[in-house]
Amino acid sequence: MKTYITNKVLIALGTICFVLAGLDIAIGHHGSFGIDALPFFYCLFGFVIYVALIFAAKALRRLILRPEDYYGRNAIDAEPAQRPEADNV
Amino acid sequence: MSDLATPALIYFAAALVTPFIRWHIARAIFLLSVPLVALATFAFAQYGAYSNLPFFELHLTLFRLDALSYVFALVFSLAAFLSLLYAWHIRDRLEQVSSLLYAGAAIGAVFAADLVTLFVFWEGTAIASVFLIWARRTEGAYHTGLRYLAIQVGSGLLLLVGIILNYQDTGSIAFEHMELGSLATWLIFLAFGIKCAFPLLNNWLQDAYPAATLTGTVTLSAFTTKLAVYALARGFAGTEILIYIGAAMTLFPVFFAAIENNLRRVLAYSLNNQLGFMVVGIGIGTPLALDGTVAHAFAHVIYKGLLFMSVGAVLYRTGTDKASELGGLWKSMPLTMMFCIVGALSISAFPLFSGFIAKSLIVSASADTGHFIVWLVLLAASVGVLEHAGIKIPYSMFFGHDRGLKVKEAPFHMLLAMGLAAALCILVGVWPQQLYALLPYPVDYAPYTTDHVLTQLQLLFFAGLAFAVLIRTGRYPVELRGVNLDIDWLYRRFLPNLFSRLSSAIRALWQAAARFAAGRTDRALVLLFRAHGPHGLIARAWPTSSMVLWIAVLLGITLVLSYL
Amino acid sequence: MLQALLHQLPVLQIVLPLVAAPIVAAFGGNGRGWMIAFATSLIAFAVAATLFAEVLDGSVISYHLGGWAPPIGIEYRVDILNAFVLVIVSGVSAICLLYARASIAAEVEEKNHAFFYATFLLCMTGLLGVTITGDAFNLFVFLEISSLSGYALISAGAKRDRRALTAAYNYLVMGTIGATFFVIGLGLLYMLTGTLNMADLAARLTGYGDSRTLRMGFAFIFVGIALKLAMFPLHLWLPNAYTFAPSAVSSFLSATATKVAVYALLRILFTVFGFDSAFEANVLRLIVLPLAIVAIFVASFVAIFAEDLKRMLAWSSIAQIGYMLIGIALLSHEGLMATVIHLFNHAVAKAALFMVAGAFMLRAGTTSIPDLRGIARDMPWTSAAFVLAGLSLVGVPLTVGFISKWYLVQAALTQNLWPVALLVVLSSLLTLTYVWRITETIYMREAPAGVRRSEAPLSMLIPTWIFTGLSLYFGIDAGLTSMAASRAANALLGASNLFWQ
């Protein structure tokens with residue numbers, strides 16, 4: 001299946017990130033606690049937390065995912081899709 | 001100004017009239033005018049407390065206008081206008097009336113200067129808003145509405161008990177700053193906390209918001225929780241425990257949002273996370289932090305509404321809001337996509353968008369006051385926001401897996417509402433001073449420093465890079481149909497099961513007891529009826545002589561008593 | 001000129017309807033009678049409202065009839081308590097008359113209309129007189145004027161049901177016994193003191209101290225008034241009288257006659273005797289309180305089982321009078337406040353309910369409860385008024401009924417009489433039961449096939465909704481009533497003697 005994250009997108013993103021990281025060297029940034037003043041702190045933090053978050057969420061899903069009709073008819077989840085453009089969609 | 005005057009009355013009066021306007025276009029125009037008229041009544045008024053109403057020995061003040069209530073009432077009015085514009089196509093009068101009552105009650109609550117008035121409007125928002133869920137008219141929505149109502153009304157009852165106890169403690173019902181300490185203030189705090197979706201008290205939010213009609217969700221997203229934020233800011237600013245509650249609130253919904261399939265529920269989790277930022281601000285309680293909370297609430301109402309609108313528009317055209325059924329809509333709904341992305345950039349706090357200039361205040365305040373862990377949590381939560389609201393929402397609807405859906409662009413009025421909201425997001429982001437000028441404390445804060453812009457962009461773009469890498473390597477979680485357990489499992493699954501076991505045991509006992517008692521009660525009722533029924537001893541028309549006898553008896557007894 | 005007129009207001013209050021009555025009787029044919037009576041009642045209401053406004057600050061107006069100073073001459077005396085009752089009586093009269101036009105046209109024969117309205121005015125004169133006068137014998141005279149005309153008004157229901165005549169006759173006999181007792185008691189007091197002016201009586205009684213004659217007099221007066229206000233078990237005249245009277249009359253009498261009797265009881269108990277007499281407290285605690293509680297429960301049960309709407313409302317009145325008596329028997333400021341507020345509340349709510357019954361009578365031809373099935377479909381406005389006024393009777397928050405029950409429960413609790421408080425709250429459940437029974441019948445039951453009733457005419461709906469609206473308005477804005485009641489209670493208790501001097 002085709003993906004929207006093509007090589008071009010990847011390269012563009014990579015370039016922006018490269019420039020941003022370069023700016024960190026060129027002008028640097030200040031921090032409030034010391035650790036956040038380290039070079040590339042925000043770059044690494046963003047990347048690592050994002051990946052960690054996704055993996056944690058996937059692990060969580062293994063625990064808590066249930067079929068859509070789990071709560072029976074008291075829930076909206078198992079109801080059939082609404083008729084488009086109805087007043088009560 | 002008269003005793004009962006509060007801008008909320010304009011909404012209530014309009015709600016009375018609305019059902020009788022037959023032509024639906026006239027009705028829609030009328031509805032749109034309501035928030036504007038109500039706004040005009042207080043937008044240019046002097047700050048102060050206006051209407052005093054004696055009630056028993058208490059004094060109710062229905063209309064207190066100060067910087068805090070002004071900003072909230074202003075954004076509530078904007079939200080009411082935008083959501084009514086978005087709901088232009090709706091002909092269901094029930095939904096229209098309850099939207100008005102709901103918005104009116106929320107604005108009334110914001111202006112309430114005493115706890116009793118606050119309570120009345122507090123319950124008002126609960127009761128009015130449940131009809132936005134029931135308006136969907138499915139069995140699931142009905143049950144969800146009942147759960148929602150029980151929790152919301154329960155919050156109000158806790159509030160009422162707290163108010164009564166507090167009145168006994170302090171002799172005052174004024175709604176001012178409170179200190180946690182007595183049972184009374186804890187109860188009030190808990191009542192606010194339920195409405196504010198504190199961790200473990202949060203699930204009504206994720207349960208109810210996806211169950212409303214698509215227009216109803218947009219309306220719901222604006223008022224209830226922000227009213228709670230307002231109440232906390234007014235009553236419990238600087239309460240330390242709020243910092244940690246808020247930090248937890250920012251973090252835990254992030255994981256649920258990442259794997260949730262229902263996009264409106266994703267946004268509900270996201271809403272929960274955003275509330276966390278505001279609660280942290282209230283907990284820190286410095287002028288900068290409180291300003292941040294108020295600014296964030298303002299920005300949040302608009303961009304969250306915008307995101308709900310974009311999901312709603314997709315739902316309107318396709319009939320579903322599940323990520324697993326959507327994708328590739330950018331070709332057929334390009335404008336909706338653009339507006340959705342503006343909302344996504346705002347909530348992710350990209351520079352030049354409203355989230356950036358609001359959330360920064362809170363994050364900076366946490367750093368200034370030396371809360372390192374909290375600061376770190378907020379930073380991580382910001383990455384989480386980018387994940388589920390900034391990327392997942394637009395990506396799964398407009399890109400992702402192309403499901404070959406052939407639909408039309410959203411209707412004009414929806415585009416108009418989204419466009420206005422998007423414009424507001426950008427305006428506030430580019431010219432933050434206009435918003436800052438409204439805040440309760442003078443703001444001496446410059447969001448656009450090189451440092452700040454650079455670090456924020458680094459954070460966001462590297463997170464985005466992580467997303468791209470994960471997608472390309474196939475590690476990004478695919479959309480799966482299903483429901484995810486949350487706290488509501490306790491009361492939707494565990495407790496009902498427990499109760500059904502218990503109740504079958506109790507039922508057996510009860511039936512034994514009832515068989516025994518029924519015979520006796522029947523006999524008692526028969527006796528009661530024999531004496532009191534239409535031809536019974538007492539109800540019968542008695543001859544005059546018996547009356548005379550009674551007079552004699554009574555006179556006798558009175559005399560005896562008098563001589564004792 | 002205007003100042004002089006203002007000065008004459010107390011006597012105008014009485015003379016106006018008194019003079020209007022014969023005029024109506026003589027020239028009242030062709031609907032003129034109604035117009036004159038209605039106009040008179042409006043003026044009377046304006047007068048009462050002016051008096052109320054004048055004494056609201058706690059001042060007292062004393063008017064000497066014919067310029068003869070009391071105790072020899074008759075004195076009209078207006079303080080906040082009786083000004084409040086005057087407003088109720090004249091206000092209810094005006095609204096009931098507005099309602100009566102259509103209702104009476106249907107329920108009373110055309111040729112009797114002039115006499116009917118004349119009698120109505122006389123009854124009103126009597127009730128206003130009882131309220132305004134400061135002279136005990138004069139009170140008796142007015143009580144008899146109101147009672148006699150009341151009998152006549154009830155018997156006017158004979159066109160619809162001949163039993164109205166027996167009901168009126170029984171009421172006549174019993175009422176006369178009550179009046180006789182009252183006058184005997186008064187005689188005993190006169191024997192003792194040689195005066196009939198209430199203020200003077202009070203002053204001299206404290207001077208004479210205790211005596212058997214005094215206690216005997218008290219017992220006779222108490223029983224006499226107890227009969228007039230239908231205290232259980234002296235209520236036997238009431239159910240039939242209210243059931244068979246024309247609806248407008250039921251509405252008017254239920255809202256005013258018993259209330260004025262309660263007022264008279266308050267005056268005698270607290271102003272003439274002074275409430276610190278030990279024997280009086282005994283009677284109130286040991287007779288009135290238990291009887292009132294029994295009344296509430298017994299009458300509510302009868303109301304629950306009643307088969308006729310008007311009969312149900314009549315029994316409900318007996319129960320509601322029980323609440324007022326409890327308030328008096330508690331002998332405290334809050335208790336009296338509860339009584340005074342409930343006096344107003346019940347007047348408003350019960351008047352509305354009887355009006356609804358009258359509207360049903362007009363359109364459905366019956367007030368038998370089973371025959372009213374599903375009538376809400378045809379008469380939505382009337383039915384809604386019933387539900388709202390019924391809720392006020394129950395004492396649901398945001399209705400007037402809540403305010404007075406609140407004070408009553410508070411009053412019982414401050415004296416540690418929590419069983420009384422509990423019983424009051426429990427009895428509300430019974431009230432809810434009979435109100436719900438009607439609501440269920442008129443809303444939930446299917447209407448009998450093929451039966452259509454039209455909505456009541458506006459001239460009946462508007463008065464009904466005025467009362468319903470009042471019972472809601474004063475439930476939310478309790479300021480005026482509770483202030484007036486509080487001051488009236490103060491006047492009765494704290495300064496019962498001082499004040500009257």
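In the text below, chain A, chain B and the rest are named by the order of the sequence lines, each starting its count at 1.
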Taking [options] one by one, which has the highest count of heavy-atom pairs under 4.5 Å against chain A?
options                                : value
B:Ser382, B:Ala380, B:Gly464, B:Ala258 : B:Ala380
B:Leu480, B:Thr450, B:Asn262           : B:Leu480
B:Thr320, B:Ile471, B:Leu454, B:Thr144 : B:Leu454
B:Val254, B:Val383, B:Leu376, B:Asn261 : B:Val383
B:Tyr142, B:Phe467, B:Phe256           : B:Phe467
B:Arg472, B:Glu139, B:Arg475, B:Arg317 : B:Arg472

Side-chain touch [X]/[Y], heavy atoms, less than 4.5 angstrom:
X        : Y        : answer
A:Tyr42  : B:Leu457 : no
B:Phe462 : A:Leu44  : no
A:Glu79  : B:Arg136 : yes
B:Leu485 : A:Arg66  : yes
B:Leu459 : A:Tyr50  : no
B:Phe255 : A:Ile64  : no
A:Tyr70  : B:Trp489 : yes

Under 4.5 Å from a heavy atom of chain A, the part of [X] involved:
X        : result
B:Leu146 : neither
B:His371 : backbone
B:Ile391 : side chain
B:Tyr395 : side chain
B:Asp321 : neither
B:Pro210 : both

Mind running side chain to side chain contact (heavy atoms under 4.5 Å, CB included) on B:Phe252 and A:Leu60 for me, showing each step along the way? CA-CA 11 Å; B:Phe252 84 90; A:Leu60 179 69; over 6 Å; no
Shorter than 4.5 Å, heavy atoms on both sides: which option in [options] has the most such pairs with chain B?
options                            : answer
A:Leu63, A:Thr6, A:Asn7            : A:Asn7
A:Ala57, A:Ser32, A:Ala21, A:Cys43 : A:Cys43
A:Ile27, A:Ile16, A:Val51          : A:Ile16

Can B:Lys322 and A:Asp77 be said to form a salt bridge (Lys or Arg N to Asp or Glu O under 4.0 Å), step by step? CA-CA 10 Å; B:Lys322 290 178 179 164; A:Asp77 304 274; 6.0 Å; no
Restricting to non-hydrogen atoms, name the atom on B:Ala468 and the atom on A:Leu10 that form the minimum distance, rounded to 0.1 Å. CB-CD1, 3.4 Å
Minimal non-hydrogen separation, A:Pro67 against B:Val483, with atom names: O-CG2, 3.4 Å
Between B:Arg481 (side chain only) and A:Glu68 (backbone N and O only), is there a donor and an acceptor less than 3.5 Å apart? no
Do the side chain of A:Lys58 and the main chain of B:Ile259 share a donor and acceptor less than 3.5 angstrom apart? no
Quick one: what part of A:Phe40 sits under 4.5 Å from any heavy atom of chain B, side chain, backbone, both or neither? neither
Which region of A:Ile54, side chain (C-beta onward) or backbone (N, CA, C, O), has a non-hydrogen atom less than 4.5 Å from a non-hydrogen atom of chain B, or is it both or neither? side chain
I need the [X] [atom1] to [Y] [atom2] distance, nearest 0.5 Å.
X        : Y        : atom1 : atom2 : result
A:Leu53  : B:Leu251 : CG    : CG    : 8.0 Å
B:Leu379 : A:Phe45  : CG    : CZ    : 4.5 Å
A:Ile76  : B:Arg264 : CD1   : CZ    : 6.5 Å

As a quick check of understanding, evaluate side-chain hydrogen bond (donor to acceptor under 3.5 Å, both in side chains) for A:His29 and B:Asp451, giving each step before the final call. CA-CA 5 Å; A:His29 67 263; B:Asp451 244 30; 6.0 Å; no
Quick check: A:Tyr4 with B:Phe399 (ring centres under 6.0 Å apart)? yes
